[in-house]
Amino acid sequence: MAASFSWIRAEPMGIRVLPADCWIDPARPVDRALITHGHADHARGGHEQTIATPGTLAIMAERYGVTAGAVPVQYGETLTLPGGVSATYLPAGHVLGSAQILLEHAGERVIVTGDYKRRPDPTCPPFQPAACDVFITEATFGLPVFRHPPIEQEIAKLLAARAANPARCVLVGAYALGKAQRVIAQLRLAGYLEPIFLHGALERMCRLYQEHGIDLGDLRLMAGMPKGALAGQIVLCPPSALNDRWSRRLPDPITAMASGWMRVRQRARQRNVELPLVISDHADWDELTATITEINPQETWITHGREDALLRWCALNQRKARALALVGYEDEDD
């Protein structure tokens, strides 16, 4: 008799599903890849077949030119794979199109979360908990120090800084996929309906979100705008542009950065960030531990991040757990 869960294996380049001859978020091209979401540390081109949600496939087509071999799967839809394996895609609440993948074989259920969060996000469906025997979770913010504040509080800080400095603009560093669109959508929910100005590197992803029905309001490219016209405005850019020569075109900008890492003051200082905004698209410590408690799996497998603390928490709570040695995963928040 085969050992429990022997049909799924963590290898350095990704999670391999042996009977189906496929991989989850592999780090190199394979024949059949099941992709959780469109960030570059999970989604890559070159696969013979790429199975993902329509949102993720649209992102991969835009970012990596992936069109051939694309197989769309809707949330809640179950695919039958070779070897008696089925795969169901469930919302992960991370970014547009992000999914957990529920794998079922020989009476065993394994969920691969990819990246996820439990906080409400107007730009993507919320995380959907599901029962499983093995829960494979990220641990990007797997330390007790990481407890993200309500996003409404951080958006209020941003708007207060703008109101207090009418001669300056607020320049927000935010990653192009997920973070920028979430910040914009939350500003709209907070009642900020003025135009929001974008660095050119953010335009493609914002347009793609809008094509998928996410209302981001009036967005304008900053290029060509007179310096004085941007006083009192909110401008979004990639984090790499915060202290670049490009930012010198702005009227005495208040530099802000939207990231879970802004909880760490040294990170803010390293980036010369005047206004740290603790906004993350990953689960914080409380979300990680609450999710494991809610799902109550037989085993928890922990991928990229701060595995040691979460392993220790599992041990203290009599939960079987182990860390997976996967390569190539980075933090899009970093």
Side-chain angles (χ1 to χ4, degrees), residues 1-28 30-37 41-42 47 49 51-52 73 75-92 94 98-116 127-140 142 283 287-329:
M1 182 177 177
S4 296
F5 318 118
S6 60
W7 52 276
I8 187 165
R9 180 188 302 164
E11 299 190 4
M13 63 165 280
I15 295 170
R16 186 178 180 186
V17 185
L18 279 71
D21 190 25
C22 68
W23 296 78
I24 312 293
D25 293 351
R28 64 171 175 80
V30 298
D31 290 341
R32 181 182 293 115
L34 281 64
I35 305 300
T36 61
H37 66 284
D41 56 337
H42 292 258
H47 308 305
Q49 186 180 69
I51 303 172
V73 56
Y75 289 130
E77 182 181 351
T78 299
L79 296 181
T80 301
L81 301 173
V85 177
S86 67
T88 305
Y89 281 55
L90 304 171
H94 178 54
S98 61
Q100 310 167 73
I101 302 176
L102 167 61
L103 301 164
E104 298 177 88
H105 177 69
E108 297 172 341
R109 293 164 58 94
V110 176
I111 285 180
V112 183
T113 64
D115 292 333
Y116 68 99
F127 179 95
Q128 180 179 321
C132 62
D133 304 302
V134 173
F135 185 63
I136 303 179
T137 179
E138 64 146 310
T140 302
E287 291 172 82
L288 291 168
T289 56
T291 301
I292 294 169
T293 301
E294 178 182 5
I295 292 172
N296 195 28
Q298 292 180 30
E299 299 184 24
T300 300
W301 297 358
I302 304 167
T303 62
H304 56 299
R306 281 73 195 156
E307 298 99 338
D308 290 349
L310 199 54
L311 281 171
R312 177 63 175 161
W313 179 88
C314 287
L316 290 172
N317 287 273
Q318 292 77 53
R319 295 185 175 278
K320 188 175 181 180
R322 68 185 179 101
L324 307 183
L326 304 181
V327 300
Y329 290 98

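FYI, the numbering just counts along the sequence from 1. What you see is a predicted model, and the numbers here were worked out from it, not measured in a lab. Note that these values count all heavy atoms, side chains included, but never hydrogens, waters or copies made by symmetry.
In this structure, the side chains of L79 and L34 stay at 4.5 Å or more apart for every pair of heavy atoms. Considering only heavy atoms from C-beta on, V30 stays 4.5 Å or farther from Q49 through its side chain. Using a 4.5 Å heavy-atom cutoff, the side chains of P26 and I15 are not in contact. Taking the side chain as every heavy atom from C-beta outward, E299 and S4 never approach each other to under 4.5 Å.
The CH2 atom of W7 lies 10.0 Å from the CG atom of L18; values are rounded to the nearest 0.5 Å. Within the model, atoms OG of S6 and NE2 of H105 stand 7.5 Å from one another, a figure rounded to the nearest 0.5 Å. In this structure, CZ in R319 is found 12.0 Å from CD in Q298, a value given to the nearest 0.5 Å. Put simply, CD1 on I111 and OG1 on T137 are 10.5 Å apart, with the number rounded to the nearest 0.5 Å. Note that CD1 of I136 and CD1 of I8 are 4.5 Å apart. Values are rounded to the nearest 0.5 Å. The line from CZ of R9 to CG of L324 is 13.0 Å long, rounded to the nearest 0.5 Å.
In this structure, F127 and Y116 have tilted ring planes: the angle between them lies in the 30° to 60° band. Between W301 and F5, the angle of the ring planes goes over 60°, which puts this pair in the perpendicular group of the 30/60° scheme.
L288 and A139 make their closest contact through CD1-CA, 4.2 Å (heavy atoms, listed as atom of the first residue, atom of the second, distance). When all heavy atoms are compared, the tightest approach of G114 to E138 is O-CB, 3.7 Å.
Checked against side chain to side chain donor-acceptor pair (under 3.5 Å), Q128 has no partners two or more places apart in sequence or in another chain. Here R16 pairs with E11 under the salt bridge (Lys or Arg N to Asp or Glu O under 4.0 Å) rule; sequence neighbours left out.
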Check residues 83-92 and write down every donor-acceptor pair under 3.5 Å in which the side-chain atom is one partner and the other belongs to a residue at least two apart or another chain.
| from | atom 1 | to | atom 2 | distance (Å) |
| --- | --- | --- | --- | --- |
| T88 | OG1 | T78 | OG1 | 2.7 |
| Y89 | OH | I51 | O | 2.9 |

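Taking a 6.0 Å sphere around CZ of R312, one finds it holds 12 or fewer heavy atoms contributed by other residues, nucleotides or ligands.
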**Message:** If you apply the rule side-chain contact (heavy atoms from CB on, under 4.5 Å), what do you find for W23 with H47, and how did you get there?
**Reply:** CA-CA 10 Å; W23 296 78; H47 308 305; over 6 Å; no
**Message:** Could you go through I292 and L310, starting from their C-alpha distance and side-chain angles, then the distance that decides it, and tell me whether this counts as side-chain contact (heavy atoms from CB on, under 4.5 Å)?
**Reply:** CA-CA 10 Å; I292 294 169; L310 199 54; 4.2 Å; yes
**Message:** As a quick check of understanding, evaluate side-chain contact (heavy atoms from CB on, under 4.5 Å) for T36 and D115, giving each step before the final call.
**Reply:** CA-CA 8 Å; T36 61; D115 292 333; over 6 Å; no
**Request:** List the steps, then state whether side-chain contact (heavy atoms from CB on, under 4.5 Å) holds for I24 with L103.
**Result:** CA-CA 10 Å; I24 312 293; L103 301 164; 4.2 Å; yes
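A donor-acceptor distance shorter than 3.5 angstrom exists from the side chain of D133 to the backbone of R109, with no hydrogens or angles considered.
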